[in-house]
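Comments concern the structure below.
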Amino acid sequence: MSVKKIDHIGIAVKDIEESLRFYSSSLGLELQCIEEMPDRGIRVAFIKVGESRIELLESISESSTIAKYIEKKGEGIHHLALNVESIEESMKIMKDQGFRLLSEQPEIGAGGTRIVFVHPKSSNGVLTELVEGNH
């Protein structure tokens with residue numbers, strides 16, 4: 001598997017605009033975009049930090065995974081995303097090594113990227129997202 005870089009760190013937040021006051025206004029980081037993903041019940045904002053990004057995840061549906069996460073654990077780091085050369089090759093390697101993936105096929109992520117999540121019980125408690133493509 002060829003991991004190219006840390007793509008982003010996903011942070012669950014209650015309110016993207018409120019969170020942007022810290023990241024953009026106070027820290028001076030560049031907001032790249034805000035995207036609504038109604039099929040997942042979330043809204044995301046990407047903030048550029050060098051070659052990587054911070055992804056703010058806000059729930060727009062009470063049944064979304066982010067709403068459930070915040071209800072259970074509160075706001076904070078949700079996942080680590082690694083940019084990979086080939087999502088299919090990465091999935092095969094992970095499966096062959098006994099890691100549990102949260103889907104059998106790549107899904108479409110923000111910005112049209114192709115993604116898959118590795119179950120945190122397979123990756124030392126860290127929800128890990130593999131991302132193919134650039135946002």
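We're numbering straight along the sequence, starting at 1.
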Minimum-distance pair of heavy atoms, taken over all atoms of [X] and [Y]:
X     : Y      : result
Val44 : Ala110 : CG2-CB, 4.0 Å
Leu57 : His79  : CD1-CE1, 3.7 Å
Ala12 : Tyr69  : CB-CD2, 3.7 Å
Lys48 : Gly50  : NZ-O, 2.9 Å
Glu51 : Lys5   : O-NZ, 3.0 Å
Leu31 : Ala45  : CD1-CB, 4.0 Å

Interatomic distance, [X] atom [atom1] to [Y] atom [atom2] [nearest 0.5 angstrom]:
X     : Y     : atom1 : atom2 : result
Glu36 : Ile60 : CD    : CD1   : 3.5 Å
Ser61 : Lys68 : OG    : NZ    : 8.5 Å
Glu89 : Met94 : CD    : CE    : 12.0 Å
Ile34 : Leu20 : CD1   : CG    : 5.5 Å
Ile47 : Ile11 : CD1   : CD1   : 7.5 Å
Leu56 : His8  : CG    : NE2   : 10.5 Å

Same cluster or not: are [X] and [Y] linked, directly or through other Ile, Leu, Val, Met, Phe, Trp or Tyr residues, by side-chain heavy atoms under 4.5 angstrom apart?
X      : Y      : result
Phe117 : Ile6   : no
Leu130 : Leu80  : yes
Leu102 : Val84  : no
Leu127 : Val118 : no
Met91  : Ile108 : no

Counting distance only, does the side-chain N/O of [X] pair as donor-acceptor with the main-chain N or O of [Y] below 3.5 Å?
X      : Y      : result
Ser64  : Ile42  : no
Gln32  : Phe46  : no
Ser52  : Val49  : no
Glu129 : Ile115 : no

Note: [X]-[Y] ion pair, threshold 4.0 Å (strictly below):
X      : Y      : value
Glu132 : Arg114 : yes
Arg21  : Glu18  : yes
Glu17  : Arg43  : yes
Glu104 : Lys95  : yes

Does [X], at its [atom1] atom, have more than 12 non-hydrogen atoms belonging to other residues, nucleotides or ligands within less than 6.0 Å?
X      : atom1 : answer
Lys73  : NZ    : no
Ile77  : CD1   : no
Asn124 : CG    : no
Lys14  : NZ    : no

Worked verdict on Asp15 versus Glu58 for side chain to side chain contact (heavy atoms under 4.5 Å, CB included): CA-CA 6 Å; Asp15 185 311; Glu58 173 189 68; 4.2 Å; yes
Flag for Glu55-His78: side-chain donor and acceptor within less than 3.5 Å: no
Heavy-atom side-chain contact between Asp7 and Arg53 under 4.5 Å: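 They are in contact (side-chain heavy atoms under 4.5 Å apart), so the answer is yes.
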